[in-house]
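Here is the structure we will look at, set down as structure tokens.
We number each residue from 1, following the sequence as shown.
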Amino acid sequence: MGQFHERPDAYLALMRAEVPDYDLFQDAAAAATGAGAARILELGTGTGETARRVLALHPEARLVGLDASADMLELARAALPADRADLILGDLAGPLPAGPFDVVVSALCVHHLDGPAKEDLFRRLAALLAPGGRLVVADVVLPEDPADALTPLDPAHDRPSSALDQLRWLAAAGLRPRLEWSRRDLAVLVAEAAPVPAPA
């Protein structure tokens, strides 16, 4: 999927052409963020497609978006309301914006990391979540049946892991993970931080 970032102006058309059920996947990712968040972090903002859907479900929220491509962020700035989205140039291996966040969401980005880097990222993201906060990882995964691997991948850029491995790493980060949605080689994982304990 690395080739998509080389043509930001054609990104959305390419994704819809080559990623099965792209719009269903995006809707599922946005729905998994829940409702009522005030502060949201998005990793891999791209052209703003996921952020646009997420902000529509959280009308009071402000979003911090991180992406490694300045060209992508330029398109996202044109697509997102300036008073609700702060877009930052950066990558997943570097420092992350300061929390806490009610929701952290990432669509079609985390698969660029290998397994150990995903584990490290999940630990760092768990530390950014507010009590009861939610991490949503929507991505291409290694399916149980190889025949379901329909999304075109570039070995130089793409390192998908199984949903099961990622659920295990999310649990090891101290979160409560579950598989929210899946279709073929796409999955939406949700992992929640522990809520504030009720007063005795």
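- Between Leu121 atom CG and Gln166 atom CD the span is 10.0 Å, to the nearest 0.5 Å.
- Residues Ile88 and Pro97 are in side-chain contact: their nearest non-hydrogen atoms beyond the backbone lie under 4.5 Å apart.
- Considering every non-hydrogen atom in both Ala61 and Ala37, the closest pair reads CB-O, 3.2 Å.
- Judged by distance alone, with hydrogens and angles left aside, the side-chain atoms of His112 form a donor-acceptor pair with the main-chain N or O of His157 at under 3.5 Å.
- For Leu43 against Ser106, the heavy-atom pair with the smallest separation is O-OG, 3.0 Å.
- Between the side chain of Asp67 and the backbone N or O of Thr45 there is at least one donor-acceptor pair closer than 3.5 Å.
- Distance CZ/Arg52 to CG/Leu63: 13.0 Å, rounded to 0.5 Å.
- Sorted by first and then second residue, the side-chain hydrogen bond (donor to acceptor under 3.5 Å, both in side chains) pairs with a member in residues 77-94 read Arg62-Asp86; sequence neighbours excluded.
- Considering all non-hydrogen atoms of both residues, Arg39 and Val64 come closest at NH2-CG2, 4.4 Å.
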Going through the checks in order, is the side-chain contact (heavy atoms from CB on, under 4.5 Å) test met by Leu41 and Val103?
-> CA-CA 6 Å; Leu41 171 63; Val103 169; over 6 Å; no
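- A pairwise comparison of heavy atoms in Ser161 and Gly115 identifies OG-CA, 4.4 Å as the closest pair.
- Between the side chain of Asp185 and the backbone N or O of Pro143, no donor-acceptor pair lies under 3.5 Å.
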Check step by step if salt bridge (Lys or Arg N to Asp or Glu O under 4.0 Å) holds for Asp23 and Arg53.
-> CA-CA 11 Å; Asp23 286 293; Arg53 297 174 194 237; 2.8 Å; yes
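- The salt bridge (charged side-chain N to carboxylate O under 4.0 Å, His left out) with Arg184 is formed by just one residue from the set Asp148, Asp145, Asp21; it is Asp21.
- Checked for salt-bridge contact, Arg124 and Asp120 meet the test: a charged N lies under 4.0 Å from a carboxylate O.
- The minimum heavy-atom distance linking Pro177 with Leu170 is given by the pair CB-CB, 3.8 Å.
- Ion pair Arg134/Asp102 not flagged as a salt bridge, since none of the NZ, NE, NH1 or NH2 atoms sits closer than 4.0 Å to an Asp/Glu carboxylate oxygen.
- In this structure, Leu167 and Leu179 approach most closely via the heavy-atom pair CD2-N, 4.0 Å.
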